[in-house]
J.: 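Structure below; questions to follow.
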Amino acid sequence: MVADAAAPRDYRSDGEKDMDLKTAPFEDVEGHGDVAPSPAEDAMKLKCSVIFLCFYGFMSSIRPGEPFITPTLLSAEKNFTSGQVTNEITPVLTYSYMGVLVPAFLLTDFLRYKPVLIIQGISQVVIWVLMLLGSTLLHMQLMEFFYGVTMACRVAYSSYIFSLVNPVLYQRVAGYSRSSVLLGVFTSSVLGQLCMSLGDITFYTLDAISLGFVSFGLALAFCLPWPKRSLFFNRIKNQEQKEKGALSELDKMNPKQGGLSSTSRWKDSVFVQMLLEVGNVVKRPSLRLWSLWWVFNSTGYYLVLFYVHILWNSVLPTTNYNGAVEAASTLLSAATSFVAGFAKIRWNVWSELVIGVVTALQAGLLLVMGTTKNIWVCYVSYILFRGFYQFLVPIATFQIASSLNKELCALVFGINTFLGTILKSVISLIFSDKRGLGLDVHAQFHVYFIYFTLLTVVYFIGAGVVLVRHFRAQDREEGAPAGGPPTELSTVPITSKAEPLSISKSAKT
């Protein structure tokens, strides 16, 4: 029951360093043509909006009781068994997330972010009210359901930036917002651990403190400015209004032609064209590889996060350093994400091998976690497991985003996340759910070890194929001047043949 700071239970790393920045300036959705404010007023308003958004991200991430939800459920205060928590309560989170993710993604854009953030805040309040007052199995399953709602709604916060700033500033502001969330998660974990270790308070009191923080976060959500634009629906509406206003008298006098145009209008819509362009993504090896990594590796990663607290309680029920471990893993994750930005590697050649090595290390750590009887070994293995995953997140983000404009990029990430959620649900239903095999937590970690081992084998096979092709091609072109692609996470030159995919051009393969 951990809120991870880097992906769907976390905020995924916004390392889009090379998205198409040549987009139209922001427009009023209603198209009233109001006089634009002065540059100084605009700059001050932008600065205040970004600061407030970052403050909201920080405060909404502070939930001191979150690392201790599982110990609370297994304590005498709630008195649930390990089997109930593992096989009946926790699986609801995955199913809820899968069911709510697509509606949340669409409503986020259609309603322009703020209402979805308010829904997220309300769900957070409901979670902690249920933790305080709930006592039955159904209450805790409802709690997990609303947890899935909050996870699905987190896309609204990361997307909100698009509505605040000009695209050329997105990368910088995304860094600010992500840092504020990471700082909030770290502060939350440290505060929770201090309350439990030094304050010697009950789980009930810790839940009450968490309820206070999320209530304040909900109040902040109501105060967020209302964006004037979004990525898909409102842009389409504005575009259609402009096209309608630009109709010539000849078009108005030709109703037959107009009827045909309205019949096929859906084919020309921005959203439908982007859905068609997604098919071109799989034709690019780099986009295909990193999208598959996002789907399969994030699935295993979040399953580990969902069940690791149950594992810790099984290894040593009397030791409770969940908050400290989560704080340490957050710091390491932030550090590895930062280091990844400076990795100078020819990713078109070495991607499969790097992914294979990291996945192999994660598989080894899962084997250690599933078999050790030493809680400190289990803690350290978990911290390293998270750090390895977060090292690849910004690299994957860059590799995907560098060839796409920001609208198509958001759609691809949404599809990848949804496919990963479906896979999580299938695995949970088969191995975790009471209606499936209903494995205990140690057996589940053995399954995760096998899962990551199979991924490792696939990545190493792919790496072997790529390296053989590369060195054969290198031998054939031994005398030719070398002119490889960028060797680090840097902007692709304008003259590059690998132009970003957009809604107006097909992928060049």
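We're numbering straight along the sequence, starting at 1.
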J.: Taking only residues at least two apart or on different chains, which pairs with a member in residues 210-227 satisfy salt bridge (charged side-chain N to carboxylate O under 4.0 Å, His left out)?
T.: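 Checked against salt bridge (charged side-chain N to carboxylate O under 4.0 Å, His left out) - neighbours excluded - no pair reaches residues 210-227.
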J.: Using side-chain contact (heavy atoms from CB on, under 4.5 Å), reason through Leu73 and Gln84 one step at a time and then give a plain yes or no.
T.: CA-CA 10 Å; Leu73 297 179; Gln84 287 177 311; over 6 Å; no
J.: Going by distance alone, is a donor N or O of one side chain under 3.5 Å from an acceptor N or O of the other, for Glu326 and Tyr321?
T.: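 There is no such pair between these side chains.
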J.: Roughly how far apart are Ser337 OG and Arg178 CZ, rounded to 0.5 Å?
T.: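 Atom-to-atom, Ser337:OG and Arg178:CZ are 5.0 Å apart.
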J.: Locate the shortest heavy-atom distance separating Ala334 from Leu182; write the atom from each residue and the value.
T.: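 Heavy atoms of Ala334 and Leu182 come nearest at CB-CD1, 4.0 Å.
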J.: Test Ile400 against Asn416 for side-chain contact (heavy atoms from CB on, under 4.5 Å), laying out the working first.
T.: CA-CA 11 Å; Ile400 295 173; Asn416 290 344; 4.0 Å; yes
J.: Test ring-ring contact (aromatic ring centres under 6.0 Å, His included) on Trp312 and Tyr382; report intermediate values, then the result.
T.: CA-CA 10 Å; Trp312 294 346; Tyr382 169 74; 5.1 Å; yes
J.: Does Tyr95 reach the side chain of Glu144, with side-chain heavy atoms less than 4.5 Å apart?
T.: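 Answer no - side chains too far apart.
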J.: Checking side-chain polar atoms at under 3.5 Å, does Asn297 have a donor or acceptor matched by the opposite partner on Tyr459?
T.: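 Side-chain D/A pair, Asn297 to Tyr459: present.
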J.: Can you confirm whether Phe52 is buried at CZ, in the sense that more than 12 heavy atoms of other residues, nucleotides or ligands lie under 6.0 Å from that atom?
T.: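 Atom CZ in Phe52 is crowded, with more than 12 foreign heavy atoms closer than 6.0 Å.
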J.: Mind checking the OG-CD1 spacing from Ser432 to Ile427? Nearest 0.5 Å is all I need.
T.: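 Rounded to the nearest 0.5 Å, the OG-CD1 separation comes to 8.5 Å.
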J.: Determine yes or no for a side-chain-to-main-chain donor-acceptor pair under 3.5 angstrom, with Lys114 supplying the side chain and Phe222 the backbone.
T.: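 Judged by distance alone, yes, a pair lies under 3.5 Å.
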J.: A side-chain contact here means heavy atoms from C-beta on lying under 4.5 Å apart; do Gln390 and Leu332 qualify?
T.: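 Of all side-chain heavy-atom pairs linking Leu332 with Gln390, none is under 4.5 Å.
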J.: Given 3.5 Å as the limit, does a donor-acceptor pair link the side chain of Thr336 with the main chain of Ser333, or not?
T.: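 Pair found, side chain donor or acceptor close to backbone of Ser333.
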J.: Could you walk me through whether Phe213 and Gln124 satisfy the side-chain contact (heavy atoms from CB on, under 4.5 Å) test, starting with their C-alpha distance in whole Å, then the side-chain angles of each, then the deciding distance to 0.1 Å, before giving a yes or no?
T.: CA-CA 10 Å; Phe213 276 109; Gln124 289 282 10; over 6 Å; no
J.: Would you say the side chain of Ser123 lies within less than 4.5 Å of the side chain of Phe145, judging by non-hydrogen atoms?
T.: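 A side-chain contact is absent here, since even the closest heavy-atom pair is not under 4.5 Å.
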J.: Compare all side-chain heavy atoms of Val393 with those of Phe398 and state whether any distance is below 4.5 angstrom.
T.: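 No, side chains not in contact.
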J.: Only one of Leu429, Leu419, Thr299, Leu93 passes side chain to side chain contact (heavy atoms under 4.5 Å, CB included) with Lys424; say which it is.
T.: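 Going through the options one by one, the only one that passes is Thr299.
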J.: Which of these passes side chain to side chain contact (heavy atoms under 4.5 Å, CB included) with Cys153: Leu101, Ile118, Val116?
T.: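 Passing option: Val116.
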J.: Please check this pair: side chain of Ser180 against backbone of Ser177, looking for a donor-acceptor N/O pair closer than 3.5 Å.
T.: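 At least one qualifying donor-acceptor pair exists.
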J.: For a 4.5 angstrom cut-off between non-hydrogen side-chain atoms, does Val181 reach Phe58?
T.: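 SC-SC contact between Val181 and Phe58 ruled out.
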J.: Which value, rounded to the nearest 0.5 Å, describes the distance between Ser188 atom OG and Met59 atom CE?
T.: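 One finds 10.0 Å between OG of Ser188 and CE of Met59.
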J.: Distance only, no hydrogens: is a donor on one side chain within 3.5 Å (strictly under) of an acceptor on the other, for Ser428 and Ser425?
T.: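 Judged by distance alone, the side chains do not pair up.
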J.: Mind listing the closest non-hydrogen atom pair of Val155 and Ala104 along with its distance?
T.: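 Closest heavy-atom pair between Val155 and Ala104: CG1-O, 4.4 Å.
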J.: Can you tell me how far apart SG (Cys195) and CG (Leu206) are? Round to the nearest 0.5 Å.
T.: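 So the gap between those two atoms works out to 6.0 Å.
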J.: Counting heavy atoms not belonging to Tyr379, are there more than 12 under 6.0 Å from its OH?
T.: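 For Tyr379, atom OH is crowded (more than 12 foreign heavy atoms under 6.0 Å).
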J.: Grab the two heavy atoms, one from Asn87 and one from Leu439, that are nearest each other, plus how far apart they are.
T.: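 Minimum heavy-atom separation between Asn87 and Leu439: ND2-O, 3.1 Å.
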J.: Would you tabulate the side-chain donor-acceptor contacts of residues 125-142 under 3.5 Å, counting partners in other chains and residues two or more places apart, or write 'none'?
T.:
residue, atom, partner, partner atom, Å
Thr136, OG1, His139, N, 3.3
Thr136, OG1, His139, ND1, 3.2
His139, ND1, Ser135, N, 3.1
His139, ND1, Thr136, N, 3.4
Gln141, NE2, Glu88, O, 3.0

J.: Would you mind telling me which of Thr417, Val412, Leu289 makes a side chain to side chain contact (heavy atoms under 4.5 Å, CB included) with Trp294?
T.: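 The passing option is Thr417.
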J.: What do the steps show when you test Thr72 against Ser75 for side-chain hydrogen bond (donor to acceptor under 3.5 Å, both in side chains), and what is the final call?
T.: CA-CA 5 Å; Thr72 303; Ser75 69; 5.5 Å; no
J.: Give the minimum heavy-atom separation between His442 and Ser314, together with the two atoms involved.
T.: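 Heavy-atom minimum between the residues: NE2-OG, 3.1 Å.
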J.: Between Gln120 and Thr150 (side chain of the first, backbone of the second, donor and acceptor by atom type, cut-off under 3.5 Å), is there such a pair?
T.: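 The answer is yes, because a donor-acceptor pair under 3.5 Å joins these two groups.
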J.: Using side-chain contact (heavy atoms from CB on, under 4.5 Å), reason through Phe146 and Met151 one step at a time and then give a plain yes or no.
T.: CA-CA 9 Å; Phe146 282 103; Met151 287 177 58; over 6 Å; no
J.: Check whether any side-chain heavy atom of Ser60 lies under 4.5 Å from a side-chain heavy atom of Leu220, and answer yes or no.
T.: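 The answer is no, as the side chains (C-beta and beyond) never meet within the 4.5 Å cut-off.
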J.: Are Trp293 and Tyr389 an aromatic pair, judged by ring center distance below 6.0 Å?
T.: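 Ring centroids of Tyr389 and Trp293 are less than 6.0 Å from each other.
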J.: Is the backbone N or O of Ser286 less than 3.5 Å from a side-chain atom of Gln399, with the two atoms forming a donor-acceptor pair by type?
T.: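 Not confirmed, Gln399 side chain does not pair with Ser286 backbone.
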J.: Is the shortest side-chain heavy-atom distance between Phe413 and Thr397 below 4.5 Å?
T.: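 Yes, close enough: below the 4.5 Å cut-off.
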J.: Please find the pair of heavy atoms, one from Trp290 and one from Ala396, that lie closest to each other, and give the distance.
T.: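 Smallest heavy-atom distance, with atoms named: CE3-CB, 3.4 Å.
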J.: Under 6.0 Å between the ring centres of Phe452 and Phe385?
T.: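 Yes; Phe385 has its ring centre under 6.0 Å from that of Phe452.
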J.: Provide the closest heavy-atom pair for Ala156 versus Thr108 in the form atom of the first, atom of the second, distance.
T.: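 Residues Ala156 and Thr108, closest heavy atoms: CA-CG2, 3.6 Å.
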J.: Of all residues at least two apart in sequence or in a different chain, which pass the ring-ring contact (aromatic ring centres under 6.0 Å, His included) check with Phe445?
T.: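 Once residues adjacent in sequence are excluded, the partners of Phe445 under the ring-ring contact (aromatic ring centres under 6.0 Å, His included) criterion are Tyr448.
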J.: Atom OG1 of Thr359 and atom CD of Glu352: how far apart are they, to the nearest 0.5 Å?
T.: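 CD of Glu352 is found 11.5 Å from OG1 of Thr359.
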J.: Would a distance-only check, ignoring hydrogens and angles, find a side-chain to backbone donor-acceptor pair under 3.5 Å from Ser61 to Gly184?
T.: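 It does not hold such a pair.
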J.: In the structure I gave you, are the side-chain heavy atoms of Tyr157 and Leu53 within less than 4.5 Å of one another anywhere?
T.: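 Touching, per the 4.5 Å side-chain cut-off.
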J.: To the nearest 0.5 Å, how far apart are CG in Leu303 and OH in Tyr301?
T.: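 Between Leu303 CG and Tyr301 OH, I get 12.0 Å after rounding to 0.5 Å.
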